[in-house]
Structure formats: C-alpha cells, structure tokens
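To start, the structure under review is shown below, and the notes come after it.
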Amino acid sequence: MDITLLVIFLATNIAYFLAATFLDPRSNYIGRNPPLRPEEISNILQPLGLDPETPLLERWWNWFSGILFHWDWGSSPLGDPVSAQIGHRALVSAQLLLLATVLSVVIGVGLGVYTAARQYKAADRVWQGVSIITMNTHVVVASILVVAGGLWLNRVTGHRVVYVTGSANPDITGFIPKLIDYAQHLVLPTISLVVISYAGYHMMQRTLLLDNLNADYVRTARAKGLTRAQAIRKHALRTSIIPVATSVAFSVPGIFTGAIMTEQIFAWKGMGQYFIETISRNDVNGTTAVAAFGAVMIAFSAILADLVVVALDPRVRVS
C-alpha cells in the first residue's frame, strides 16, 4: 500500500510539472475583443495559481498545499473548481460505462464458452465472423448506425422511445420518471459501446478455453464421468477465465477516460470529454486532476485484479 501511494504521489506531481511547463493558460484570453493587456491576464490567472510569470515551484507548492490541507484541486483558467468537475464527470462516466462493460464481459465470455464448445461448427464460424466485423468497426461508425436506428425507432413508433444525446433531462421529477428518462438516454450509447467491445472478450475467452480443453485435469475430469459441458463449466472455464477477469480489472481506468468519441457523439459530459476540454483549454489543474484520477484507478485495478485471481484460483488462496 505504501508503494501504491508513493506511485500515485509521483505520477500526480510529475503530471503537474509537465502540464505547468507545456500548457499556457493565457491562451484562453488571447484574441478577445476588446483585447486584454498581459498584466490584466496575469491579474486573472494569479489568484488561480496559473500565472506563468509566477515561479514554478511557488505555483506547485500553492497547488499541493491546497490539496494537502483543503482537498482543493484548484480551478480552471476560467475559474471553474476542478474538484467539483472531477466528481461530477466521474459519476457520469460511471453511469454510462460500467453497465456497458458488464454487458460486454457477460456477452463476450458467454459467446467464448459457447463457440469454444462448438469449435469449427457453423455456430462457431458465424459468431467468429460477427465478432471480427464488430471488432474492426470504428466507434464513430457504430455510433452513427446506432443513432440512425434510434431515430428510426422514434419515427416508427411516433414517440420519443430513446434519446440520442445527453445523459438526463433536468426537467423530469419523481423517482420512476427519472429512472425511465435515464434509461431512455442510456440505451443508445450503451449499445454502441457493447457492439465494439464485446468481441475482444469473446475471442480471448474462446482461445483460452480451447487451450485448456486438452489439459490433463480436464481429461481426468472427463475420465471420471463428467460430460464435456460439465468439464468445461466446472474445470476449464474456471482456469481460462482468470486472464479475462484480470484484463477486465485493468480496463477500469479506460472505462472512465477511454470513451472520448462515444461521449462526444452522444453528448455525455463525462471524464473522456473533460480530459479533452482540459487539454484544449490549457487547464493545468484539470489535466493534473485527470492524471491523478487515472493513477488512482490503475492502483485500484491492480488491487482488484489480485482479488479476482484469489477468488478464482484456489492455488493462490492456499499460498
């Protein structure tokens, strides 16, 4: 745990020094009409701790002490509190991406087991072909097709069955109406993400399971009277699913910051979109906060992967 905290500390501070060195918050105020004088820009940025004229170490200490004593991650060049943005954006991304990840894993692993048990048969070849196509489909193409399908559904039914953009309607009140509204906004981006991501888990699970079907312990189980399906479910699957589960655990950071295109297309203001905004606005504090969030998620993923391996592999529990 001490090493994990040290790595997070170093990664966050290195990110700050890089961002403070190469990003220029003054660019947000250049080109305004009427134009602002350099000293006016400095007067705006200095209280925010973003004035490049202030020595770098002084800016770093003000930023670091604010986090250390007040858990204040600073403000953007436009004055928006970074802490509030990170909290809100992470929740939005979690709402969108956690469900899509769970569905992708369940569908992918299920198809992997189904096709491995029917190796080289028609069902195996058909699903492999479908997965290869979806795996090579760009997220933009998949999203456009899903949006077209949603618009067609709305037009055919004559009702707003699904929403194409946004994560929620702020005018909706009441628990059940809000739940329905949330589901209507969630359907299309979730389908888009599942379509492009399940195939990786399908192919991985199929390959790993086929490698284990001829292992000695599986043949021994068959010799003791288990059917092929029972041997797969009780023995081969338990071993072959460990790498898949580890891969899922380490995908957690990407869950929050990796769906940039999907969030842009469906107008979900999550962490992916916020990451792009911080770079485009030369937001030193925001960029550093995103990097820190990613470091924490990677550390969490490492712990989660260890727990998954312990839960699935009895040999690790014994050791």
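Because only heavy atoms are used, hydrogens play no part in the values below, and waters and symmetry mates are left out as well, while side chains stay in. Since this is a predicted model, take the numbers as computed values, not measurements.
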Measuring from [X]:[atom1] to [Y]:[atom2], what's the distance to the nearest 0.5 Å?
X: Thr262; Y: Leu96; atom1: OG1; atom2: CG; value: 7.0 Å
X: Gln273; Y: Thr278; atom1: CD; atom2: OG1; value: 11.0 Å
X: Leu193; Y: Leu103; atom1: CG; atom2: CG; value: 10.5 Å
X: Asp283; Y: Leu23; atom1: CG; atom2: CG; value: 8.5 Å
X: Arg89; Y: Leu91; atom1: CZ; atom2: CG; value: 12.0 Å
X: Asn28; Y: Leu50; atom1: CG; atom2: CG; value: 9.5 Å

Taking the side chain as every heavy atom from C-beta outward, state whether [X] and [Y] have any atom pair closer than 4.5 Å.
X: Gln184; Y: Val161; value: no
X: Phe266; Y: Ser192; value: yes
X: Val139; Y: Val195; value: no
X: Ser76; Y: Arg281; value: no
X: Pro77; Y: Leu45; value: yes
X: Asp51; Y: Thr54; value: yes
X: Tyr201; Y: Leu111; value: no
X: Tyr29; Y: Leu78; value: yes

Would you check if the side chain of [X] reaches a backbone N or O of [Y] as a donor-acceptor pair within less than 3.5 Å?
X: Tyr182; Y: Gln95; value: yes
X: Thr288; Y: Val284; value: yes
X: Glu263; Y: Lys269; value: no
X: Ser93; Y: Met271; value: yes
X: Asn43; Y: Glu39; value: yes
X: Asp181; Y: Ala168; value: no

Which atoms form the tightest heavy-atom contact between [X] and [Y], and what is the distance?
X: Ala100; Y: Val194; answer: O-CG2, 3.7 Å
X: Pro47; Y: Ser42; answer: CD-O, 4.4 Å
X: Gly286; Y: Val82; answer: N-CG2, 3.9 Å
X: Ser75; Y: Asn285; answer: O-ND2, 2.9 Å
X: Thr12; Y: Ala292; answer: OG1-CB, 3.4 Å
X: Trp268; Y: Gly166; answer: NE1-O, 3.0 Å

>> Val147 vs Thr165, test: side chain to side chain contact (heavy atoms under 4.5 Å, CB included). Steps then yes/no.
In response: CA-CA 9 Å; Val147 167; Thr165 59; over 6 Å; no

>> Would you call the rings of Trp63 and Trp73 parallel, tilted or perpendicular, taking 30° and 60° as the class edges?
In response: perpendicular

Under 4.5 Å between side-chain heavy atoms, counting indirect links through other Ile/Leu/Val/Met/Phe/Trp/Tyr residues: same cluster for [X] and [Y] or not?
X: Met297; Y: Leu10; result: yes
X: Val164; Y: Ile196; result: yes
X: Met203; Y: Val109; result: no
X: Val156; Y: Ile191; result: yes
X: Leu188; Y: Ile180; result: no

Which pairs would a plain distance check flag for residues 64-72, meaning a side-chain donor or acceptor within less than 3.5 Å of a matching protein atom at least two apart in sequence or in another chain?
residue, atom, partner, partner atom, Å
Ser65, OG, Trp61, O, 2.7
Ser65, OG, Asn62, O, 3.2
Asp72, OD1, Gly74, N, 3.0

>> The criterion is side chain to side chain contact (heavy atoms under 4.5 Å, CB included); which residues satisfy it with Ile14, sequence neighbours excluded?
In response: Leu18

> Checking side chain to side chain contact (heavy atoms under 4.5 Å, CB included) for the pair Val244/Leu208: CA distance, chi angles, key distance, verdict?
Replying inline: CA-CA 9 Å; Val244 179; Leu208 293 170; 3.8 Å; yes

> Which residue pairs satisfy the ring-ring contact (aromatic ring centres under 6.0 Å, His included) criterion with at least one member in residues 135-169, sequence neighbours excluded?
Replying inline: Tyr163-His185

Can you give each donor-acceptor pair under 3.5 Å made by side-chain atoms of residues 122-133, sequence neighbours left out, with the distance rounded to 0.1 Å?
residue, atom, partner, partner atom, Å
Asp124, OD1, Gln128, NE2, 3.2
Asp124, OD1, Arg206, NE, 2.9
Asp124, OD2, Tyr120, N, 2.8
Asp124, OD2, Gln128, NE2, 3.3
Asp124, OD2, Arg206, NH2, 2.8
Arg125, NE, Tyr120, O, 3.3
Ser131, OG, Trp127, O, 3.1
Ser131, OG, Tyr198, OH, 3.3
Ser131, OG, His202, ND1, 2.5

> Applying salt bridge (Lys or Arg N to Asp or Glu O under 4.0 Å), which residue pairs with at least one partner in residues 23-36 are found, sequence neighbours left out?
Replying inline: Asp24-Arg26, Arg26-Glu53

> Which residue pairs satisfy the salt bridge (Lys or Arg N to Asp or Glu O under 4.0 Å) criterion with at least one member in residues 134-160, sequence neighbours excluded?
Replying inline: none

> Do Lys178 and Phe175 pass the side chain to side chain contact (heavy atoms under 4.5 Å, CB included) test, and can you show the C-alpha distance, the side-chain angles, and the key distance before you say yes or no?
Replying inline: CA-CA 5 Å; Lys178 280 188 175 182; Phe175 177 76; 5.9 Å; no

>> Does atom CD (Glu40) have a neighbourhood of more than 12 heavy atoms from anything else shown, all under 6.0 Å?
In response: yes

> What do the steps show when you test Thr287 against Tyr16 for side chain to side chain contact (heavy atoms under 4.5 Å, CB included), and what is the final call?
Replying inline: CA-CA 8 Å; Thr287 302; Tyr16 177 85; over 6 Å; no

